[in-house]
There are 2 protein chains.
Amino acid sequence: MPSESDFDLQQFLPYLLNQAAEQASLGFQTLYKTRYGMLRTEWRVLFHLGRYGEMTAKALCDRGRLHKTKVSRAVAKLEGRRFLQRRTVPQDRRAEVLALTAAGRAAYADLHAQAQVFDRQLTAGLSPAQDQALRQALVILAKL
Amino acid sequence: MPSESDFDLQQFLPYLLNQAAEQASLGFQTLYKTRYGMLRTEWRVLFHLGRYGEMTAKALCDRGRLHKTKVSRAVAKLEGRRFLQRRTVPQDRRAEVLALTAAGRAAYADLHAQAQVFDRQLTAGLSPAQDQALRQALVILAKL
DNA sequence: TATTGTTATACTCTATAACTATA
DNA sequence: TATAGTTATAGAGTATAACAATA
């Protein structure tokens, strides 16, 4: 049909983004899932605490663009697995400071290294210019 | 920490892709959801039937990279809302050919047009070269 | 035996409301 | 009144196994 545009689902950006994100997530999630039994939010919480040091759940929410209910559950699970500890602070007894344990730091170091390897593998099929253009565009689209 | 790399979640491709995909999906899903009460798979099934004409569920699975259980449920719902009809074919009585009704074609025409508008709005903040580079890279990452 | 399609089930992810305890 | 965090619940997305009907 020449009068109809050639618009195709595979050119529709939300579809393309979704398919690419799914492919990328599937690969990496097996790492934190099989090695440490973590879900996505738990990996993100572990990452932020490992990368930026101890902080409250509120700070985690702000830094990680995570809702407080997600953080609350992820923290409880990471605590249960001895990857982090809570510490109350006298200044404000509503909040608790979250810090990784030695086991948590080890898991972070492992996953952090794996993430870098994985990231490089993902973009192995792209030229450096393509890689850079991709990330720039994604930052804009993600409104980061 | 200078000895530690600057690797950041916001530079991690699976994270970037996920955030961008989420932003993009949220915008468009309100269209097919509020206008037609559709879920994602239903919109995709409607799209393929509208774009490529009638076909069996099996063909839909192959074209749309959808699992047969998703298609089965989406087809049942679209049928219930009178957006498509089934037709048995004598050659193979296991399969049914799916075809949009007039209402289905109207919904497709509307959403198809809206999708093009939405796609252009999404990439309004990107240069044509950025846009092209983005789509090329996503096709590779999505393994399309 | 293999294929088309359906149903059941479970897990993950997201979103929101309601609640507590502190401030 | 507002804030930090928890619990409950529902909707949506994903994945797999088991099944019926037909080839």
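Numbered from 1 within each chain, the chains take letters A, B, ... in sequence-line order.
Rounded to whole Å, atom C1' of dA15(D) lies 11 Å from atom CD of Gln29(A). At whole-Å resolution of the value, CD in Gln91(A) and P in dA4(D) are 15 Å apart. In this structure, Glu22(B) atom CD and dT12(C) atom P are separated by 18 Å, rounded to whole Å. Going from atom CH2 of Trp43(B) over to atom C1' of dG13(D) covers 18 Å, rounded to whole Å. Rounded to an integer number of Å, the gap from CE of Met38(A) to P of dT12(C) is 14 Å. For the pair Arg73(B) CZ and dA12(D) P, the interatomic distance rounds to 14 Å; values are reported in whole Å. Here the P atom of nucleotide dG13(D) and the CG atom of Leu66(B) are 12 Å apart, to the nearest Å. Between His67(A) atom NE2 and dC13(C) atom P there is a gap of 17 Å when expressed in whole angstrom units.
Residue contacts shown for Thr69(B) include a base, since a base heavy atom lies under 4.0 Å away. As judged by a 4.0 angstrom heavy-atom cut-off over every strand, Arg40(B) is placed among residues touching the sugar-phosphate backbone only.
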Between the protein and nucleotides 1-5 of chain C, which nitrogen or oxygen pairs come in under 3.5 angstrom?
unit_1, atom_1, unit_2, atom_2, d
dT3(C), O4', Arg94(B), NH1, 3.3
dT3(C), O2, Arg94(B), NH1, 2.8
dG5(C), OP1, Glu96(B), N, 3.3
dG5(C), OP2, Lys58(B), N, 2.6
dG5(C), N7, Lys68(B), NZ, 3.0
dG5(C), O6, Lys68(B), NZ, 2.9

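Taking only distance into account, the side chain of Arg93(A) never meets the base of dA4(D) through a donor-acceptor pair shorter than 3.5 Å.
In this structure, CD in Gln23(B) is found 11.0 Å from CG in Leu17(A), a value given to the nearest 0.5 Å. The distance from atom CD of Gln121(A) to atom CD of Gln116(A), rounded to the nearest 0.5 Å, is 12.5 Å. Atom-to-atom distance recorded for Leu138(A):CG and Gln11(B):CD is 10.0 Å, nearest 0.5 angstrom.
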Next on the checklist: Could you go through Arg86(A) and Glu79(A), starting from their C-alpha distance and side-chain angles, then the distance that decides it, and tell me whether this counts as salt bridge (Lys or Arg N to Asp or Glu O under 4.0 Å)?
Outcome noted: CA-CA 8 Å; Arg86(A) 307 176 198 243; Glu79(A) 187 186 28; 3.0 Å; yes
Checklist entry - Are Phe28(B) and Trp43(B) close enough, and set up right, to give a ring-ring contact (aromatic ring centres under 6.0 Å, His included), and what steps lead you there? => result CA-CA 11 Å; Phe28(B) 192 66; Trp43(B) 145 245; 5.2 Å; yes
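The side chain of Lys70(A) contributes an N or O atom lying less than 4.0 Å from OP1 or OP2 of dT14(C).
For the residue pair Tyr32(A)/Asp110(A), the side-chain donor-acceptor check at 3.5 Å is not satisfied.
Looking only at distances, no side-chain donor or acceptor of Ser72(A) sits under 3.5 Å from a matching main-chain atom of Lys68(A).
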